[in-house]
Amino acid sequence: MIVLGLEGTAHTISAGIVDERSILSNVSSTYVPEHGGIHPREAAVHHADKIYDVIKRSFDNAGLKPEDLDLIAFSMGPGLGPCLRVVSTAARALSIKYSKPLLGVNHPLGHVEIGRKLSGARDPIMLYISGGNTQVIAHLNGRYRVLGETMDIGLGNMLDKFARDLGIPFPGGPVIERMALDGKDLLELPYSVKGMDTSFSGIYTAAKRYLSLGKNKNDICYSLQETSFSMVVEVLERAMYYTNKNEILLAGGVARNDRLRSMVNDMARDSGYKAYLTDKEYCMDNGAMIAQAGMLMYMHGARQDIMETRINQRFRIDEVPVPWIKDENSISFKDKGAESIITNGEFYGRSVVFKKRPEKSYRDKRLDLKIRLERMKNEFYIMYYLHKTGNAPIVYDFDRFDMVLTIERINGLTMNDYFKSKYDENVIRMIADAVAKMHGLRISHGDLTPNNIIISDKIYFIDTSMGHLRCSDEDIADDLFLLYESMKSLYVNGHEMIKHFENEYSKNVEDYNYYKELIKKIESRRRYV
Ligand SMILES: C[C@@H](O)[C@H](NC(=O)OP(=O)(O)OC[C@H]1O[C@@H](n2cnc3c(N)ncnc32)[C@H](O)[C@@H]1O)C(=O)O
Ligand SMILES: [Fe+2]
């Protein structure tokens, strides 16, 4: 089957033609502002000017005519409204004139599918980083699910904004990449990873301040890349642990960056995964990716009438059914963290576990040391305070040189294992009391999954490195949200479990409904599993 794909969500207008086997043509024209960022209206004018030429050249290069097509696909969103409208109008006109079926395609789906086609990856975890998006995506239960994403701006957008402050017009990413090659000093920037989510506006603000303080520009660019890339690779690595997948696919405009590519390669090599990096040419927005995604949708039964092809500026990848990938794996919470190695041993006659945080070779050595030390300190302090109230093991030793914590070994089962064989309402109550007590002390856990809760004579929390002392109400809601999500995905009677948990937990807090509202807010932001 022969498919034309039209792309024009942002800076690039492009037409590509594919068939089942290969890419037959791909022609693009990119709008480059004279200064500053993308102006949506100017970009739309550019697209309208160039679209005829781009489509015509695409047919010529492929040696085809519009009559040869079996399908017309166009990117329906997300993107800039004026640009989306130009492309959708052209696509509809072509579809009507030549009586060809029309499909509106999700833009990120295009990035993912062209990456899979070119690499041969079957069921990868995707790190999709572009101007507007920063997401970790995995196929689960018939769709691509967003396991983690930016809470504010996209990573590429952060680079572009900073480049603008340096007087560099869009796209700034490639220039920052070149400047970073001459950077030496690592400047401190906020490293903001929360669970599986990231945020980049704090980094941008801090970088801008360094600029006004007259710091070396190359050093700022270097630090900007090292910090933000480390964040997304860390989240990617965690996603690999949570799911049982072993392929990685890097896609989106920022995936052209060689430093990011080498970090992903290093992480994959160290942990035994296979990394597929999309060809640089097809990392940028292009028509072929839309044709490829449209073809898969069509072959698997997707049909739209013209009213269903309205643009959608907030279109998310997890809204699209993806039946062409078979789920071979599912989310399974593993006993071992992505960041540490646990061994059993003895400490002056007591049985203990040694928890070591090994180096991550993909990160800048200085940043790596700082992150590991901070995580270990945090883990120690939170366990220390929780031990005082009886809900964490004793930490016997803190070795900052080898990065090892020596922790009392608790004889018990993780909540995960405990509830595999039986359901016990009483234990749920114990857990709810312990969580409420922890939150009452304004301590949040940060990673409250059933693997980090040990059931013994009482409840113990472990793996507290992501937690907060003097935590906010949102931190508390984050804990509850994650616990409920894991209960739902791990246990058939998850909903009943949550109800029992809530009954008990709400006795210990003043206004549980307030937290329920906060949880709902988090839910609407993050929709996975
Ligand atoms: C919605 C859609 O329009 C949007 N597309 C988009 O952002 O264009 P894309 O071509 O995927 O990515 C452009 C981004 O990719 C960055 N970029 C390109 N080359 C780069 C490089 N060598 N290093 C770092 N960033 C680079 C640019 O600075 C810009 O932020 C998206 O996919 O989110
Ligand atoms: Fe894109």
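Whatever order the structure lists ligands and atoms in, that order sets their numbers, starting from 1.
- Judged purely by distance below 3.5 Å, without hydrogens or angles, the side chains of His107 and Asp285 pair a donor atom with an acceptor atom.
- Taking the N/O/S atoms of Asp285 in turn, the shortest distance to the Fe ion (ligand 2) belongs to OD1.
- By the 3.5 Å distance cut-off applied to N or O atoms, Phe170 is not counted among the residues near ligand 1.
- With 3.5 Å as the limit, one finds no donor-acceptor pair spanning the side chains of Glu149 and Tyr128.
- For atom 31 (C) of ligand 1, the nearest non-hydrogen atom of the protein is Ser130 OG, 3.0 Å.
- Both cation-pi conditions hold for Lys274 and Tyr276: the charged atom is under 6.0 angstrom from the six-membered ring centre and inside a 45 degree cone around its axis.
- Geometrically, Arg303 engages Tyr298 in a cation-pi contact defined by less than 6.0 Å to the ring centre and at most 45° from the axis.
- Distances shorter than 4.0 angstrom do not occur between any heavy atom of Gln225 and any atom of ligand 1.
- For atom 22 (N) of ligand 1, the closest non-hydrogen atom on the protein side is Glu177 OE1, 2.7 Å.
- Remark: the Thr150 side chain and the Thr134 side chain contain no N/O donor-acceptor pair separated by less than 3.5 Å.
- When heavy-atom distances to ligand 1 are checked against a 4.0 Å cut-off, Met284 comes that close through both its backbone and its side chain.
- Using modelled atom types, one finds no donor on one side chain facing an acceptor on the other under 3.5 Å when comparing Asn61 with Ser25.
- Closest to atom 19 (N) of ligand 1 by heavy atom, among Gly79, Ser14, Pro174, is Pro174.
- Both the sub-6.0 Å distance and the 45° axial angle are satisfied by Lys161 relative to the ring of Tyr204.
- Below 4.0 Å from some heavy atom of Tyr128 lie the following atoms of ligand 1, by number and element: 31 (C), 32 (O), 33 (O).
- Of all the N, O or S atoms in His107, the one closest to the Fe ion (ligand 2) is NE2.
- Closest protein heavy atom to atom 9 (P) of ligand 1: Asp285 OD1, 3.3 Å.
- Ranking protein heavy atoms by distance to atom 28 (O) of ligand 1, first place goes to Asp160 OD1, 2.7 Å.
- A donor-acceptor contact closer than 3.5 angstrom links the side chains of Asp475 and Ser472.
- For the residue pair Thr309/Gln304, the side-chain donor-acceptor check at 3.5 Å is not satisfied.
- Counting protein heavy atoms only, atom 14 (C) of ligand 1 is closest to Gly131 N, 3.6 Å.
- Exactly one of Glu237, Glu234, Glu339 qualifies for a side chain to side chain donor-acceptor pair (under 3.5 Å) with Lys360. That residue is Glu237.
- In terms of N/O distances under 3.5 Å, ligand 1 is approached by Gly253.
- Distance from atom 13 (C) of ligand 1 to its nearest protein heavy atom, with residue and atom name: His11 NE2, 3.7 Å.
- Among protein heavy atoms, atom 4 (C) of ligand 1 sits closest to His107 NE2, 3.7 Å.
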